[in-house]
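Below is one structure, written out as structure tokens; comments come after it.
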Amino acid sequence: MEAQNQVKVNGGRRAEQHSGQWGGASRAVRARQFAVLGLSLSLPGLYGRDLMSAEEKKGCRIDQWLWAVRVYKTRTLASEACRSGRVKINDQAIKASRMLSGGELLSVRKGMVTHRYEVLKPLDKRVGAALVAEYAKDLTPQEELDKLLPLKSVLLAQRSRGSGRPTKKERRDMDEWREDS
């Protein structure tokens with residue numbers, strides 16, 4: 001079906017209408033519109049969906065990747081970590097909107113530990129825990145992971161199982177002890 005341009009007068013204003021196969025504008029008109037924006041029309045999706053092919057999409061947002069490979073529980077936490085400077089590439093803090101590609105090295109500070117990851121493939125959808133190894137490689141040195149051991153043993157040694165929540169005084173004592181170590 002060929003697109004036909006018609007001119008319609010509405011209240012003294014001229015409006016150009018396109019009647020075509022994809023809801024208003026022909027494929028050629030839509031392709032020109034997206035070419036101006038620097039995009040290509042890979043599939044004739046309605047309302048601008050599926051504008052870029054998989055080859056054109058070179059990466060994913062870093063906050064999406066951190067959430068997808070289960071570094072952070074929610075994407076909001078991943079974005080907040082980027083905003084506060086806890087996520088770095090080449091020792092530079094980055095924004096959550098930065099596009100990530102394969103082969104990059106990330107350092108993510110969570111608490112006392114700085115985790116290091118290599119991005120094997122970009123990923124924007126969350127996958128099961130068993131599939132994470134295809135997209136991320138954990139390069140965290142053992143010395144960093146050993147920082148968590150004393151904290152775990154202290155918390156277990158101080159509190160007996162089933163004794164309930166710590167009192168305010170016990171919490172102060174635990175915080176004091178952590179500051180001293």
Side-chain angles (χ1 to χ4, degrees), residues 1 3 18-153 155-156:
M1 173 185 253
H18 299 282
S19 61
Q21 188 175 359
W22 292 289
S26 70
R27 183 173 173 81
V29 170
R30 187 167 288 161
R32 278 194 303 264
Q33 290 169 346
F34 287 108
V36 169
L37 297 174
L39 302 172
S40 70
L41 189 62
S42 61
L43 296 173
L46 296 175
Y47 309 111
R49 285 182 279 168
D50 301 321
L51 297 178
M52 296 192 314
S53 66
E55 300 87 60
E56 292 170 346
K57 195 173 185 181
K58 294 198 176 12
C60 65
R61 288 175 54 111
I62 191 158
D63 61 338
Q64 283 180 325
W65 188 85
L66 290 168
W67 166 74
V69 297
R70 299 166 180 268
V71 175
Y72 288 100
K73 190 172 184 178
T74 65
R75 189 167 160 202
T76 304
L77 290 174
S79 297
E80 179 59 36
C82 293
R83 247 191 314 276
S84 63
R86 292 189 302 254
V87 179
K88 296 181 180 184
I89 294 180
N90 299 329
D91 294 327
Q92 280 194 315
I94 54 173
K95 292 184 176 182
S97 61
R98 184 185 184 284
M99 296 304 281
L100 194 62
S101 60
E104 292 186 300
L105 297 174
L106 295 172
S107 61
V108 179
R109 196 179 79 239
K110 290 177 77 175
M112 301 183 318
V113 179
T114 302
H115 298 275
R116 301 201 188 284
Y117 299 99
E118 179 183 357
V119 178
L120 300 177
K121 293 183 206 172
L123 175 69
D124 57 353
K125 302 284 187 214
R126 195 165 172 109
V127 294
L131 298 176
V132 168
E134 296 176 20
Y135 299 97
K137 184 177 182 183
D138 191 2
L139 303 174
T140 308
Q142 189 61 39
E143 298 85 43
E144 288 290 322
L145 296 175
D146 290 343
K147 290 179 182 178
L148 294 174
L149 294 177
L151 184 61
K152 287 181 183 177
S153 63
L155 291 176
L156 291 175

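Computed from a prediction, not measured in an experiment: that's the story for all the values here. FYI, side chains are in, hydrogens and waters are out, and symmetry mates aren't considered; it's all heavy atoms of this structure.
- Glu144 pairs by the side-chain hydrogen bond (donor to acceptor under 3.5 Å, both in side chains) definition with Lys147, not counting sequence neighbours.
- Partners of Arg98 by side-chain hydrogen bond (donor to acceptor under 3.5 Å, both in side chains), not counting sequence neighbours, listed by chain and number: Glu104.
- Closest approach of Thr140 and Arg116 over heavy atoms only: OG1-N, 3.1 Å.
- No side-chain heavy atom of Pro122 sits less than 4.5 Å from a side-chain heavy atom of Leu100.
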Please tabulate, one pair per line, all N/O donor-acceptor pairs under 3.5 Å involving side-chain atoms of residues 84-92, not counting sequence neighbours.
unit_1, atom_1, unit_2, atom_2, d
Ser84, OG, Glu80, O, 3.1
Ser84, OG, Ala81, O, 3.3
Ser84, OG, Arg86, NH1, 3.2

Which pairs would a plain distance check flag for residues 59-72, meaning a side-chain donor or acceptor within less than 3.5 Å of a matching protein atom at least two apart in sequence or in another chain?
unit_1, atom_1, unit_2, atom_2, d
Arg61, NE, Asp63, OD1, 3.1
Arg61, NH2, Asp63, OD2, 3.3
Asp63, OD2, Arg75, NE, 3.2
Asp63, OD2, Ser79, OG, 2.8
Trp65, NE1, Lys121, O, 3.2
Arg70, NE, Val127, O, 2.9
Arg70, NH2, Val127, O, 3.0

Query raised in the report: When you look at Val119 and Tyr135, which way does the side chain to side chain contact (heavy atoms under 4.5 Å, CB included) test go after all the steps?
Result: CA-CA 6 Å; Val119 178; Tyr135 299 97; over 6 Å; no
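- Under the rule for a side chain to side chain contact (heavy atoms under 4.5 Å, CB included), the partners of Leu105 that lie at least two apart in sequence or sit in another chain are Glu118, Leu139.
- Heavy-atom contacts from other residues, nucleotides or ligands closer than 6.0 Å to NZ of Lys110 number more than 12.
- Contacts classified as salt bridge (charged side-chain N to carboxylate O under 4.0 Å, His left out) and involving residues 134-143 (residues at least two apart or in different chains) are not found.
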